[in-house]
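The next block holds one structure in the form of structure tokens; read it before the comments.
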Amino acid sequence: TRVSPQAGPACRVAQSLAQYCVGANYAWATAEGLFLLRLLLATPARSHLPAFLLLGWGVPVLFVVPWVILRYLYENEGCWERNEKAAVWWLIRCPILAAVAVNFVVFVRIVRILVAKVRAQQVARGDTRLRLARSTLTLIPLLGVHEVIFALAGEGEGGGGLRLAR
């Protein structure tokens with residue numbers, strides 16, 4: 001795509017901001033999962049609020065700024081919408097994949113805790129399994145667990161059933 005010399009910098013800033021927002025989205029999902037896990041483990045989560053804020057807003061800066069620098073130095077064409085150099089793109093993808101992996105582990109731990117709590121209550125009511133299922137289904141999109149299925153599917157053009165499903 002051709003971008004005019006005047007629009008190029010603004011377009012690249014917008015692309016950089018978009019990458020930061022995507023990274024922040026995954027970082028905040030991780031922060032929310034860790035916060036929920038701390039609550040379930042009955043440890044004071046409020047005392048860790050600055051760490052959660054730093055994780056959500058600060059960690060994406062650690063990989064987006066180097067990505068911007070590398071894009072500017074090695075792939076400064078168009079609006080940065082194409083990813084010709086895989087190494088530069090993996091600078092963005094690796095932290096996102098790491099967040100997906102951490103969220104999956106957190107999800108499994110949370111579900112194990114919820115199952116243990118439901119079993120410990122020994123409630124005679126039949127809705128306990130339904131409550132557990134509802135809680136689990138709520139956690140799947142909250143923590144981005146569905147992303148585990150699509151984590152390695154690329155975002156470029158081309159075939160592949162997994163990419164098509166995504």
Side-chain angles (χ1 to χ4, degrees), residues 1-40 45 48-113 133 135-166:
T1 310
R2 272 263 187 235
V3 178
S4 71
Q6 296 84 8
C11 185
R12 292 176 188 129
V13 168
Q15 187 69 250
S16 302
L17 184 60
Q19 294 300 333
Y20 173 80
C21 290
V22 169
N25 184 40
Y26 284 95
W28 272 110
T30 303
E32 290 169 0
L34 293 172
F35 183 80
L36 180 58
L37 184 61
R38 284 207 165 270
L39 289 176
L40 289 172
H48 292 84
L49 189 59
F52 292 132
L53 289 170
L54 187 61
L55 173 63
W57 294 119
V59 168
V61 172
L62 297 177
F63 58 88
V64 172
V65 169
W67 176 80
V68 167
I69 292 168
L70 289 175
R71 285 301 296 243
Y72 181 76
L73 293 175
Y74 300 110
E75 224 177 348
N76 196 19
E77 298 172 6
C79 190
W80 293 357
E81 73 279 2
R82 298 185 60 188
N83 300 303
E84 298 293 328
K85 297 192 183 311
V88 175
W89 179 238
W90 280 103
L91 189 61
I92 290 285
R93 286 300 292 164
C94 282
I96 288 173
L97 292 174
V100 168
V102 168
N103 286 347
F104 184 73
V105 170
V106 167
F107 171 75
V108 170
R109 290 206 51 204
I110 289 172
V111 169
R112 287 179 63 192
I113 291 168
S135 299
T136 303
L137 289 174
T138 302
L139 288 174
I140 289 172
L142 177 71
L143 298 179
V145 174
H146 60 285
E147 287 285 331
V148 171
I149 298 168
F150 300 113
L152 295 176
E155 282 140 20
E157 298 173 16
L162 195 56
R163 185 176 295 150
L164 181 61
R166 181 179 183 164

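A quick note: this is a predicted structure, and the numbers were derived from the prediction, not measured.
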Exercise for the section: Begin from the C-alpha positions of N76 and R12 and carry the test side-chain contact (heavy atoms from CB on, under 4.5 Å) through to its verdict. Expected result: CA-CA 9 Å; N76 196 19; R12 292 176 188 129; 3.2 Å; yes

Please table the atom pairs, donor to acceptor, closer than 3.5 Å between any side-chain atom in residues 27-34 and protein atoms at least two apart or in another chain.
unit_1, atom_1, unit_2, atom_2, d
W28, NE1, G56, O, 3.4
T30, OG1, Y26, O, 3.1
T30, OG1, N103, OD1, 3.0

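- Of all heavy-atom pairs between K85 and Y74, the closest is CE-O, 3.2 Å.
- Atom CG of residue L49 and atom CG of residue L54 lie 11.5 Å apart, to the nearest 0.5 angstrom.
- Using a 4.5 Å heavy-atom threshold, the side chains of C94 and F63 count as separate.
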Practice task
Any chance you could lay out the side-chain contact (heavy atoms from CB on, under 4.5 Å) test for L37 and I113, step after step, and finish with the verdict?
Solution key: CA-CA 9 Å; L37 184 61; I113 291 168; 3.7 Å; yes

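- In this structure, V59 and P95 have side chains that are not in contact, with every pair of non-hydrogen atoms separated by 4.5 Å or more.
- Contact annotation: the side chain of W57 never approaches that of P60 to less than 4.5 Å [non-hydrogen atoms, C-beta and beyond].
- Looking only at side-chain heavy atoms (C-beta outward), R71 and N83 come within less than 4.5 Å of each other.
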Exercise for the section: Please step through side-chain contact (heavy atoms from CB on, under 4.5 Å) for the pair W90 and W67, ending with a clear verdict. Expected result: CA-CA 9 Å; W90 280 103; W67 176 80; over 6 Å; no

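- A donor-acceptor pair under 3.5 Å is formed between the side chain of E75 and the backbone N or O of E84.
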